[in-house]
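Below: one structure, written as structure tokens.
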Amino acid sequence: MKKIFFHSFRGGTGKSNISANISACLARKGKKVVLIDLDIQSPGVHAVFGFKGSDIKNSLNDFLWQKCGITEVIHTLSSKFPLGSGEIYFIPSSIETNDIIRTLRDGYDFTRLTKGFTMLEEELNPDYLVVDTHPGLYEETLFSLSVADILFIIMRPDEQDFQGTSVTLEASQKLNVPLIYLLMNKVLMTEAVEDLRKRAENTYGCSVLSMLPHSEDLLKMGSSNVFYIKYPDHPFSKEIELITEKILSKS
């Protein structure tokens, strides 16, 4: 089971949307994917798959607080989306206010989370574990990144992200994550796009694997559906394919 993490220095980069679309692309290629929304403080992946609060009976929070087993919080998605021979086992975080406040106040036991990863591998034997992290460099986030096989750091083409990504990348390298790639999201696809790529690669000494385009079509959907499934031939979806092929090539 390869562990694929998506992280960013700050919120609003489109991290949850990208992790959901990558998971769907892997599943459409016949892979079994466990997708965990580890952004416990501000979860968002559930919205992409059409979940509302009432749809989430058990959450990752319940497992971390030892209220249930890890397999009791799984939602299979092949009945909701055309995933072919693949499957997504989705583990959402709670979107209940009291649960989020408790997490902000008390944190969670990281060793319990890693035990959950092991249980999922033993119970489901998935091909990939995809993790959507909480943005920033919190203690729990750093611990979780330390077990990643591949880390995608997502940034936008603005100065705040350029500065913050440098800190995130340095911390990730100190954790000895085997493979780290940059993804630049919400890029205006002008003639200067390659200059932007070169600037990022020269700044960080790290490959920019994909320049995901800013798109009105994405804005209209508003993260309320899996864009890759609905618009497979869109330029954004082609970049999702490119990222997915890189993941497959490293397996």
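Since we're looking at a predicted model, the values are computed, not measured.
One hydrophobic cluster holds both Leu183 and Ile4 under the rule that ILVMFWY side chains link at heavy-atom gaps under 4.5 Å. A continuous path of hydrophobic side-chain contacts links Leu151 to Met1 [ILVMFWY only; heavy atoms under 4.5 Å]. Using a 4.5 Å cut-off between side-chain heavy atoms of Ile, Leu, Val, Met, Phe, Trp and Tyr, with links allowed through other members, Leu38 and Leu35 fall into different hydrophobic clusters. Ile91 and Val45 are assigned to two separate hydrophobic clusters, defined by single-linkage of ILVMFWY side chains at heavy-atom distances under 4.5 Å. Put simply, Phe9 and Met184 are part of two different groups of oily side chains (I, L, V, M, F, W, Y) that touch within less than 4.5 Å, one to the next.
Closest heavy-atom contact between Cys68 and Phe63: O-CD1, 3.5 Å. The two residues Ile100 and Pro43 have their closest heavy-atom pair at CD1-CD, 4.2 Å.
In this structure a side-chain-to-backbone donor-acceptor pair under 3.5 Å is present from Asp127 to Lys32. Of the possible donor and acceptor atoms, none in the side chain of Asn21 sits under 3.5 Å from a partner among the backbone N and O of Ser237.
Within the structure, ring-ring contact (aromatic ring centres under 6.0 Å, His included) contacts touching residues 215-240 (residues at least two apart or in different chains) are Phe227-Tyr231, Phe227-His234, Phe227-Phe236. Sequence neighbours left out, not one pair with a member in residues 23-46 passes ring-ring contact (aromatic ring centres under 6.0 Å, His included). Pairs passing the ring-ring contact (aromatic ring centres under 6.0 Å, His included) check and including a residue from residues 100-120, sequence neighbours excluded, read Phe110-Phe143.
Residues meeting the salt bridge (charged side-chain N to carboxylate O under 4.0 Å, His left out) test with Asp132, sequence neighbours left out: Lys15. Residues meeting the ring-ring contact (aromatic ring centres under 6.0 Å, His included) test with Tyr89, sequence neighbours left out: none.
Within the model, atoms NZ of Lys246 and CG of Leu179 stand 8.5 Å from one another, a figure rounded to the nearest 0.5 Å. Rounding to the nearest 0.5 Å places CG of Leu169 at 6.5 Å from OG of Ser172. The CZ atom of Phe51 lies 10.5 Å from the CD1 atom of Ile95; values are rounded to the nearest 0.5 Å. Atoms OG1 and CD, from Thr118 and Glu123 in turn, are 11.5 Å apart once rounded to the nearest 0.5 Å. Put simply, OG on Ser210 and NZ on Lys238 are 13.0 Å apart, with the number rounded to the nearest 0.5 Å. For the atom pair CG (Leu209) and CZ (Arg197), the distance works out to 8.0 Å, reported to the nearest 0.5 Å.
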* **Residues Tyr204, Phe162; criterion side-chain contact (heavy atoms from CB on, under 4.5 Å); working and verdict** => CA-CA 9 Å; Tyr204 306 122; Phe162 261 93; 3.3 Å; yes

* Asked: Given the rule in the side-chain contact (heavy atoms from CB on, under 4.5 Å) test, do Leu120 and Ile36 qualify, once you have shown the distances and angles that lead to the verdict?
  -> CA-CA 11 Å; Leu120 288 166; Ile36 298 181; 4.0 Å; yes

Could you please spell out the steps behind the salt bridge (Lys or Arg N to Asp or Glu O under 4.0 Å) verdict for Arg156 and Asp161? CA-CA 6 Å; Arg156 291 167 298 187; Asp161 275 22; 3.3 Å; yes

inquiry  = Determine whether Leu64 and Ile40 satisfy the following criterion, side-chain contact (heavy atoms from CB on, under 4.5 Å), listing intermediate values before the conclusion.
reply    = CA-CA 11 Å; Leu64 294 174; Ile40 297 176; 3.5 Å; yes

* To do: Begin with the C-alpha distance, continue with both residues' side-chain angles, and end with the deciding distance and a verdict on side-chain hydrogen bond (donor to acceptor under 3.5 Å, both in side chains) for Asp99 and Ser94.
  => CA-CA 7 Å; Asp99 291 341; Ser94 173; 2.7 Å; yes

- Task: For the pair Val34 and Val130, evaluate side-chain contact (heavy atoms from CB on, under 4.5 Å) and give the outcome as yes or no after the intermediate values.
- Result: CA-CA 6 Å; Val34 173; Val130 176; over 6 Å; no

Would you list the atom pairs, donor with acceptor, under 3.5 Å between side chains in residues 70-85 and any protein atom, with sequence neighbours excluded?
| from | atom 1 | to | atom 2 | distance (Å) |
| --- | --- | --- | --- | --- |
| Glu72 | OE2 | Gly69 | N | 2.8 |
| Ser78 | OG | Glu87 | OE2 | 2.6 |

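A cation-pi arrangement is found for Arg102 relative to Trp65, the charged atom lying closer than 6.0 Å to the ring centre and inside a 45° cone about the ring normal.
Salt bridge Lys250/Glu245: absent, no basic N to carboxylate O contact under 4.0 Å. The residues Glu170 and Lys174 are annotated as salt-bridged, a charged nitrogen and a carboxylate oxygen being separated by less than 4.0 angstrom.
Separation of the Phe49 and Phe90 ring centroids falls under the 6.0 Å cut-off.
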